[in-house]
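Have a look at the structure below, then the notes.
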Amino acid sequence: MTWASWTTRGIYSGHGGVLTEEVGPLSGDLTVHTTWAEGTAQITVQYTDAADWFTMAGSPVPCPSEKASRSLHEAVVEAVRQGAAARVPALPPEPGVAAGEAAAE
């Protein structure tokens, strides 16, 4: 099984924070974690240094590659910074891949 994970700590959410499946919105100093495995990305958030993780609204999402999961993680971090009850954004297109085309792994 191929997998990858990305974690970014100390993200200060914009007004309205990030929307989670379990507890609704979180705001303030947050940590985002993305785990990619077998074509799916799971995105979770927590208050930085807290014990509990929460599923970000819109997660899990199909994600074709490790490279795409890194781009998705970066897009999620930016969405959290923007706030406004952020949800998992649409997967950014991979460079060199036309819309509707499958990415080569």
Side-chain angles (χ1 to χ4, degrees):
M1 176 170 99
T2 302
W3 68 277
S5 68
W6 317 99
T7 303
T8 303
R9 296 173 43 86
I11 305 162
Y12 288 89
S13 68
H15 181 71
V18 57
L19 189 60
T20 68
E21 297 291 339
E22 297 86 359
V23 297
L26 300 180
S27 60
D29 182 0
L30 304 175
T31 296
V32 172
H33 181 78
T34 302
T35 301
W36 173 79
E38 299 179 6
T40 302
Q42 174 75 35
I43 297 92
T44 55
V45 296
Q46 71 170 180
Y47 288 109
T48 298
D49 296 325
D52 296 324
W53 288 92
F54 304 101
T55 305
M56 188 170 176
S59 177
V61 295
C63 188
S65 68
E66 181 179 340
K67 183 177 179 180
S69 72
R70 179 62 180 162
S71 295
L72 177 61
H73 179 80
E74 291 171 1
V76 167
V77 167
E78 185 54 34
V80 171
R81 284 187 180 122
Q82 295 299 315
R87 301 174 57 86
V88 175
L91 185 66
E94 289 190 61
V97 176
E101 235 179 82
E105 291 196 45

Study note, to complete from the structure: side chain to side chain donor-acceptor pair (under 3.5 Å) filter on Ser69, not counting sequence neighbours, yields Trp6
Which donor-acceptor pairs under 3.5 Å do the side chains of residues 22-29 make with protein atoms, sequence neighbours left out?
from	atom 1	to	atom 2	distance (Å)
Glu22	OE1	Thr55	N	2.8
Glu22	OE2	Thr55	N	3.3
Glu22	OE2	Thr55	OG1	2.9
Asp29	OD1	Thr48	OG1	2.9

Exercise for review: Nearest 0.5 Å please: distance from the OG1 atom of Thr2 over to the CH2 atom of Trp36.
Suggested key: 5.5 Å
Check your understanding: Is there any side chain to side chain donor-acceptor pair (under 3.5 Å) pair reaching into residues 74-84, and which pairs are they, with sequence neighbours excluded?
Key -> Arg70-Glu74, Glu78-Gln82
Check your understanding: Could you state the interatomic distance from CG (Leu30) to OG1 (Thr20), rounded to the nearest 0.5 Å?
Key -> 10.0 Å
Review point. With distance as the sole test, does Ser5 use its side chain to make a donor-acceptor pair with the main-chain N or O of Thr35 at under 3.5 Å?
Key: no
Revision key, fill the gap. Sorted by chain and residue number, the salt bridge (charged side-chain N to carboxylate O under 4.0 Å, His left out) partners of Arg87 (sequence neighbours excluded) come out as none
Review point. For Asp52, what residues pass the side chain to side chain donor-acceptor pair (under 3.5 Å) criterion, not counting sequence neighbours?
Key: none
Study note, to complete from the structure: For residues 35-45, the salt bridge (charged side-chain N to carboxylate O under 4.0 Å, His left out) pairs (sequence neighbours left out) are none
Review point. Can you list the residues that meet the side chain to side chain donor-acceptor pair (under 3.5 Å) rule with Thr7, with sequence neighbours excluded?
Key: His33
**Study point:** Results of side chain to side chain contact (heavy atoms under 4.5 Å, CB included) for Ala86 - residues two or more places apart only
**Key:** Val18, Met56, Ala79
Point to revise | Minimum side-chain heavy-atom gap Thr31-Ile11 below 4.5 Å | key: no
Check your understanding: Distance from Cys63 atom SG to Leu72 atom CG, nearest 0.5 Å?
Key -> 5.5 Å
Practice item. Verify side-chain contact (heavy atoms from CB on, under 4.5 Å) between Thr34 and Gln42, making sure each step is shown before the conclusion. Key: CA-CA 6 Å; Thr34 302; Gln42 174 75 35; over 6 Å; no
Practice item. Using side chain to side chain contact (heavy atoms under 4.5 Å, CB included) as the criterion, list what pairs up with Thr40, not counting sequence neighbours. Key: Pro60
